[in-house]
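Everything numeric here is computed off the predicted structure, so don't read it as measured data. Atoms considered below: every heavy atom in the structure, side chains included; atoms not considered: hydrogens, waters and symmetry mates. Numbering of ligands and ligand atoms starts at 1, following listing order.
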Amino acid sequence: MASVITLDGPGGAGKGTISQIIAATLGWHLLDSGALYRLTALAAERHQVAFDDEAELANIARQLDVAFLPGAENEPVRVMLEGEEVSQAIRTEACGNNASKVAALTAVRDALLQRQRDFNQAPGVVADGRDMGTVVFTDAPLKIYLTASAEERATRRVKQLQAAGIDAKFQAILSEIQSRDGRDMNRAVAPLKPADDAIMLDTTEMTIPEVVTYILDQAKAKA
Ligand code: C5P
């Protein structure tokens with residue numbers, strides 16, 4: 001029986017990096033659910049589907065031809081869309097914003113639901129997203145809700161983008177983060193919110209190793 005750790009929270013709270021480290025440490029699978037919404041947005045753009053055409057976007061989501069290939073040692077997973085590497089293309093702020101538009105549509109979320117649940121395979125999965133604990137893996141034995149102030153998240157995002165060679169300005173990133181938070185928290189379907197049984201973790205003042213140690217300790221306590 002596989003086990004599940006869910007990590008939900010707003011963008012830039014460190015979920016991506018932390019989920020990767022925890023999955024690698026435990027030898028578990030990793031579900032980057034945000035990547036699926038980003039890939040849906042990118043595929044829609046490439047196939048010239050409008051971001052308000054719910055039925056067609058759901059088709060795109062259902063038929064998404066994607067692969068997550070292991071990266072070289074200590075390198076992130078390589079993301080492929082229709083046979084082409086899009087690891088960088090899906091990480092832009094524009095793609096993140098488009099992802100949050102398509103993610104607000106019920107038919108798109110429904111189309112991606114089973115694909116996400118299929119990641120739950122032995123020995124376990126670390127699931128990173130917005131609704132992992134509230135919708136996708138409601139029975140997960142360990143649910144974490146990670147957050148940090150918008151300013152701290154913007155600072156982290158700027159550093160992350162610059163490290164990837166992408167030009168980034170603090171003010172622009174901060175206002176994008178705030179508008180994306182608003183859209184994710186206020187949408188009608190699967191809004192971003194902690195599950196009732198989630199552990200709340202504010203990482204504003206925490207380092208990545210501190211957060212990882214905390215979560216691994218919680219995981220051991222549940223084992
Ligand atoms: O986590 P990431 O920034 O890659 O997610 C991009 C967007 O996809 C989020 O802003 C959110 O709107 C959407 N998303 C979602 N549900 C998830 C994961 C991501 O709605 N489980």
Side-chain angles (χ1 to χ4, degrees), residues 4-20 23 30-45 51-52 54 57-58 60-61 64 66 68 76-77 79 81 86-120 125-138 140 143-148 150 153-154 156-158 160-161 164 166 168 173-195 198 203:
V4 182
I5 299 175
T6 61
L7 266 87
D8 288 307
K15 287 173 292 135
T17 310
I18 288 158
S19 304
Q20 269 181 37
L30 173 66
L31 166 59
D32 174 1
S33 61
L36 294 175
Y37 290 96
R38 287 171 182 265
L39 285 158
T40 302
L42 186 63
E45 203 176 1
F51 290 127
D52 58 357
E54 184 162 359
L57 288 167
I60 294 263
L64 215 49
V66 299
F68 296 94
V77 168
V79 185
L81 174 64
V86 293
S87 311
Q88 291 239 2
I90 60 162
R91 294 296 157 205
T92 64
E93 289 305 296
C95 189
N97 268 315
N98 291 338
S100 109
K101 287 179 195 156
V102 304
L105 304 172
T106 308
V108 171
R109 303 198 74 85
D110 288 349
L112 292 176
L113 192 56
Q114 193 54 47
R115 199 188 277 263
Q116 295 174 81
R117 289 188 173 148
D118 289 345
F119 278 77
N120 183 9
V125 62
V126 179
D128 159 3
R130 303 292 187 286
D131 62 341
M132 299 295 98
T134 52
V135 176
V136 181
F137 299 112
T138 47
K143 300 180 183 178
I144 306 282
Y145 189 88
L146 276 191
T147 188
R153 288 185 282 130
R156 292 177 189 172
R157 187 73 101 190
V158 167
Q160 204 178 35
L161 289 170
I166 300 167
I173 298 286
L174 178 61
S175 67
E176 274 165 12
I177 279 184
Q178 286 166 333
S179 68
R180 189 132 66 93
D181 281 0
R183 197 158 45 224
D184 289 350
M185 288 172 180
N186 297 316
R187 68 185 175 209
V189 49
L192 170 62
K193 62 168 189 206
T203 69

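A donor-acceptor pair under 3.5 Å is formed between the side chain of Ser179 and the backbone N or O of Glu176.
Legend: salt bridge (Lys or Arg N to Asp or Glu O under 4.0 Å) pairs involving residues 182-192, not counting sequence neighbours, sorted by first then second residue: Arg130-Asp184, Asp184-Arg187.
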Just the distances, no angles: every ligand 1 N or O to protein N or O pair closer than 3.5 Å, one line each.
from, atom 1, to, atom 2, distance (Å)
ligand 1, 1 (O), Arg130, NH1, 2.9
ligand 1, 1 (O), Arg130, NH2, 3.4
ligand 1, 3 (O), Arg38, NH2, 2.9
ligand 1, 3 (O), Arg130, NH2, 3.4
ligand 1, 3 (O), Arg180, NH1, 3.1
ligand 1, 4 (O), Arg38, NE, 2.6
ligand 1, 4 (O), Arg38, NH2, 3.4
ligand 1, 10 (O), Arg130, NH2, 3.4
ligand 1, 10 (O), Arg180, NH1, 2.8
ligand 1, 10 (O), Asp184, OD2, 2.8
ligand 1, 12 (O), Asp184, OD1, 2.6
ligand 1, 12 (O), Asp184, OD2, 3.3
ligand 1, 16 (N), Arg109, NH2, 3.0
ligand 1, 20 (O), Arg109, NH1, 2.7
ligand 1, 20 (O), Arg109, NH2, 3.4
ligand 1, 20 (O), Arg187, NH1, 2.9
ligand 1, 20 (O), Arg187, NH2, 2.9
ligand 1, 21 (N), Ser33, OG, 2.9
ligand 1, 21 (N), Arg130, N, 3.1
ligand 1, 21 (N), Asp131, OD1, 2.9

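In this structure, Asn98 CG and Leu42 CG are separated by 9.0 Å, a value rounded to the nearest 0.5 Å.
Among Leu113, Asn120, Val4, the one residue that satisfies the side-chain contact (heavy atoms from CB on, under 4.5 Å) test with Val136 is Leu113. Of the options Gln116, Arg109, Gln114, a side-chain contact (heavy atoms from CB on, under 4.5 Å) to Leu112 is made by Gln116 and by none of the others.
In this structure, Arg157 pairs ionically with Glu93, as a charged nitrogen and a carboxylate oxygen lie closer than 4.0 Å.
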